[in-house]
Amino acid sequence: MNDDSSIVRLAAILRTETERSRPGERLPPSREIMRRHGVGPVTVSRAIAQLAAEGRVVTRPGAGVFVAPARHPVAEAPDSSWQTVALGDRVVDDSAVAGLLAQPAEGVVPLTGGYLNPGLRPARALAAAAARAVRRPETWAMPPVNGLPELRRWFAAEVGGTVTPNDVLVVSGGQSALTHAFRALAAPGSPVLVETPTYPGALAAARAAGLRATAVPLDGEGVRPDLLAEAFAMTGARVFYCQPSLHNPTGATLGHERREQVLAVARAAGAFVVEDDYARYLATGPVPPPMAAMDAHGTVVHVLSLSKITSPSLRVAALVARGPAAHRLRASQVVESFFVARPLQETALEFLASPAWRRHLGTVHQEIGVRQAALLAGLARHAPAAEVHLVPPGGLHVWVRLPPGTDEAATTEAAQANGVLVSPGRIYYPAEPPGPRLRLTHTAPASPAELDEGVRRLAAVLPQ
């Protein structure tokens with residue numbers, strides 16, 4: 001009776017007994033177990049050894065065998081490594097965009113970011129607009145999938161030209177508009193032309209859509225049409241992404257004549273121009289009309305967002321397109337998210353129709369002028385080695401060139417350690433950067449005084 005089956009049977013019996021017993025309770029002596037179950041000493045010792053290995057009993061020489069203390073089962077450590085194979089190699093790199101959205105720690109001066117400082121946002125006016133909007137029962141009904149007619153009419157009038165409300169699709173912010181555009185206008189694996197440098201969020205969205213970004217150089221007046229034509233011919237690209245007004249990060253603005261040249265080049269290539277008009281309401285001086293207003297053939301897909309000029313949480317933007325591209329863009333939104341929440345659209349309408357909208361524009365334009373002047377004066381006073389690329393007529397940023405040989409990454413890290421956040425130039429390039437650069441945001445600090453303090457902290461880590 002001391003074969004393997006006897007051991008298994010006895011172990012099962014003793015296992016049941018331990019489960020009914022209290023921790024620390026003594027099991028019957030071996031002789032008693034042998035008598036009860038008609039087994040030999042070897043069978044008993046091996047069955048008890050099995051329970052000890054399972055942690056159910058504790059053997060104390062000279063004292064006997066006792067039920068082990070209650071055990072809390074240890075859950076198996078989660079292992080998600082299998083997902084690496086399942087997901088493949090289409091990595092979505094959000095590092096550059098996440099860095100621009102990061103909130104500064106207490107006591108750190110932000111000279112980076114893409115939105116107005118909270119003190120410059122029309123928070124009270126937006127709250128009042130939202131309160132008025134949500135009181136109306138129809139605000140909670142489903143909106144048209146392409147957006148409220150009144151809001152589409154407002155965006156169409158802002159773009160101008162022959163753009164109609166039917167050409168406008170209301171989407172959830174400018175970044176969402178770019179994502180829709182890249183997915184709808186080009187197949188994965190296709191090239192997309194971009195200015196260099198350019199907005200990191202556009203590069204991230206294009207790469208997430210499986211597109212290959214190809215750089216087109218610009219000068220102080222924006223993208224060069226001759227090099228754009230050459231890039232179209234070399235790559236066979238059918239999409240060109242650009243920011244013709246107050247380009248991010250350089251601040252360059254395409255003149256009217258050059259805009260016409262860009263349109264002509266794109267039409268000759270049979271390509272779309274994705275016009276990101278992110279800074280339309282941040283200009284303190286005159287800028288030419290959007291290229292969409294100059295386009296009669298559906299070449300331009302236009303993006304106009306309210307988030308930059310109001311609040312990052314007012315995720316309302318227009319995506320303007322014509323022809324089959326418009327249908328594809330609308331289909332993309334319906335499949336992905338149906339529509340933009342109606343309370344948000346109604347809030348935007350309430351705010352835009354109120355006197356607070358024009359007052360806010362005037363306040364922001366004045367503040368941009370003051371802050372840009374403060375930033376330029378601070379750089380001249382504290383960091384003369386940082387060369388300003390150009391002085392744009394408005395916008396949020398200034399693009400500066402550091403002395404040759406400066407370690408851009410080390411400078412950015414040293415600045416953060418010294419209590420100031422800056423945006424490294426390398427994230428704005430689709431390929432290798434030509435040299436060390438920084439983008440400095442003058443609307444992110446709480447005041448001109450804090451702005452000057454940030455420049456002073458930055459200057460302390462720059463080469464003299």
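When a residue number appears, it is its place in the shown sequence, counting from 1.
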Chemist: Under the ring-ring contact (aromatic ring centres under 6.0 Å, His included) test, which residues partner Phe351, sequence neighbours left out?
Modeler: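 Applying ring-ring contact (aromatic ring centres under 6.0 Å, His included) to Phe351 gives Trp357.
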Chemist: Is a donor from one side chain sitting under 3.5 angstrom from an acceptor on the other, for Asp276 and Tyr199?
Modeler: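 There is no such pair between these side chains.
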Chemist: Taking side chain as C-beta onward, heavy atoms only, is Phe155 less than 4.5 Å from Leu306?
Modeler: yes
Chemist: Keeping Trp140 on the side-chain end and Val134 on the backbone end, is there a donor-acceptor pair under 3.5 Å?
Modeler: yes
Chemist: Out of curiosity, Ser176 OG to Leu319 CG, how far, rounded to the nearest 0.5 Å?
Modeler: 8.5 Å
Chemist: Got a sec, which pairs hit salt bridge (Lys or Arg N to Asp or Glu O under 4.0 Å) with one end in residues 315-326, sequence neighbours left out?
Modeler: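 Those involving residues 315-326 are Asp167-Arg322.
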Chemist: Flag yes if more than 12 heavy atoms outside Arg267 fall under 6.0 Å of its CZ atom; otherwise flag no.
Modeler: no
Chemist: Are the side chains of Arg371 and Pro445 in contact, using a 4.5 Å heavy-atom criterion?
Modeler: yes
Chemist: Is there a salt bridge (charged side-chain N to carboxylate O under 4.0 Å, His left out) between Glu350 and Arg136? Walk through the geometry before answering.
Modeler: CA-CA 12 Å; Glu350 283 283 347; Arg136 297 193 298 269; 2.4 Å; yes
Chemist: Can you run down the side-chain hydrogen bond (donor to acceptor under 3.5 Å, both in side chains) pairs that involve residues 411-424, sequence neighbours left out, and say none if there aren't any?
Modeler: Ser423-Tyr428
Chemist: Got a second to check how far Leu148's CG is from Trp154's CH2, nearest 0.5 Å?
Modeler: 13.5 Å
Chemist: Who passes side-chain hydrogen bond (donor to acceptor under 3.5 Å, both in side chains) against Thr441, sequence neighbours left out?
Modeler: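 Here the qualifying residues are His397.
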Chemist: Got Val391 and Leu376 here, is their nearest side-chain heavy-atom distance under 4.5 Å?
Modeler: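 A side-chain contact exists here, since the closest heavy-atom pair is under 4.5 Å.
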Chemist: Of all residues at least two apart in sequence or in a different chain, which pass the side-chain hydrogen bond (donor to acceptor under 3.5 Å, both in side chains) check with Glu453?
Modeler: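 With neighbours one apart ignored, the set is Arg456, Arg457.
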Chemist: Consider side-chain contact (heavy atoms from CB on, under 4.5 Å). Of Cys242, Pro244, Pro217, which one does Glu195 pass it with?
Modeler: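 The single option meeting the side-chain contact (heavy atoms from CB on, under 4.5 Å) with Glu195 is Cys242.
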Chemist: Compute whether any side-chain donor of one residue and acceptor of the other, for His247 and Thr250, lie under 3.5 angstrom apart.
Modeler: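 On atom types as modelled, these side chains qualify, holding a pair under 3.5 Å.
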Chemist: Has Glu432 got more than 12 heavy atoms of other residues, nucleotides or ligands less than 6.0 Å from its CD?
Modeler: no
Chemist: For Arg426, is there an ion pair with Glu408 - N to carboxylate O distance below 4.0 angstrom?
Modeler: yes
Chemist: Going by the side-chain hydrogen bond (donor to acceptor under 3.5 Å, both in side chains) test, which pairs reach into residues 328-344, not counting sequence neighbours?
Modeler: His180-Ser332, Arg183-Glu336, Arg342-Glu346
Chemist: For Glu450, give me all partners under side-chain hydrogen bond (donor to acceptor under 3.5 Å, both in side chains), at least two apart in sequence or on another chain.
Modeler: none
Chemist: Test of understanding: with side-chain hydrogen bond (donor to acceptor under 3.5 Å, both in side chains), list the residues that count as partners of Tyr281, not counting sequence neighbours.
Modeler: Glu158
Chemist: So for atom CD, which belongs to Glu257, do other residues, nucleotides or ligands contribute more than 12 heavy atoms lying within a distance under 6.0 Å?
Modeler: no
Chemist: Which heavy atom of Leu126 sits nearest to which heavy atom of Ser311, and what is that distance?
Modeler: CD1-CB, 3.9 Å
Chemist: Would you please name every residue forming a side chain to side chain contact (heavy atoms under 4.5 Å, CB included) with Arg381, sequence neighbours left out?
Modeler: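 For Arg381 the side chain to side chain contact (heavy atoms under 4.5 Å, CB included) partners, ignoring immediate neighbours, are Ala377, Asp452.
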Chemist: Scan side-chain atoms only and decide if His389 and Arg401 contain a donor-acceptor pair under the 3.5 Å cut-off.
Modeler: no
Chemist: Under the salt bridge (Lys or Arg N to Asp or Glu O under 4.0 Å) test, which residues partner Asp295, sequence neighbours left out?
Modeler: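 Per chain and number, Asp295 pairs via salt bridge (Lys or Arg N to Asp or Glu O under 4.0 Å) with no residue.
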Chemist: By the salt bridge (Lys or Arg N to Asp or Glu O under 4.0 Å) test, which pairs, at least two apart or in different chains, include something from residues 221-243?
Modeler: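 Residue pairs with at least one partner in residues 221-243: Glu221-Arg258, Arg224-Asp226.
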Chemist: Quick check on side-chain contact (heavy atoms from CB on, under 4.5 Å): which of Pro225, Pro289, Ser245 does Arg259 satisfy it with?
Modeler: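 Result: among Pro225, Pro289, Ser245, Ser245 is the only option passing the side-chain contact (heavy atoms from CB on, under 4.5 Å) with Arg259.
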Chemist: What salt bridge (Lys or Arg N to Asp or Glu O under 4.0 Å) pairs are there with at least one residue in residues 108-121, not counting sequence neighbours?
Modeler: none
Chemist: If you look at every heavy atom in Gly395 and Ile368, which pair is closest and at what distance?
Modeler: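 Reported closest heavy-atom pair: O-CG2, 3.4 Å.
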Chemist: Indicate the atoms forming the closest heavy-atom contact of Asp277 with Leu304, along with that distance.
Modeler: O-CD1, 3.7 Å
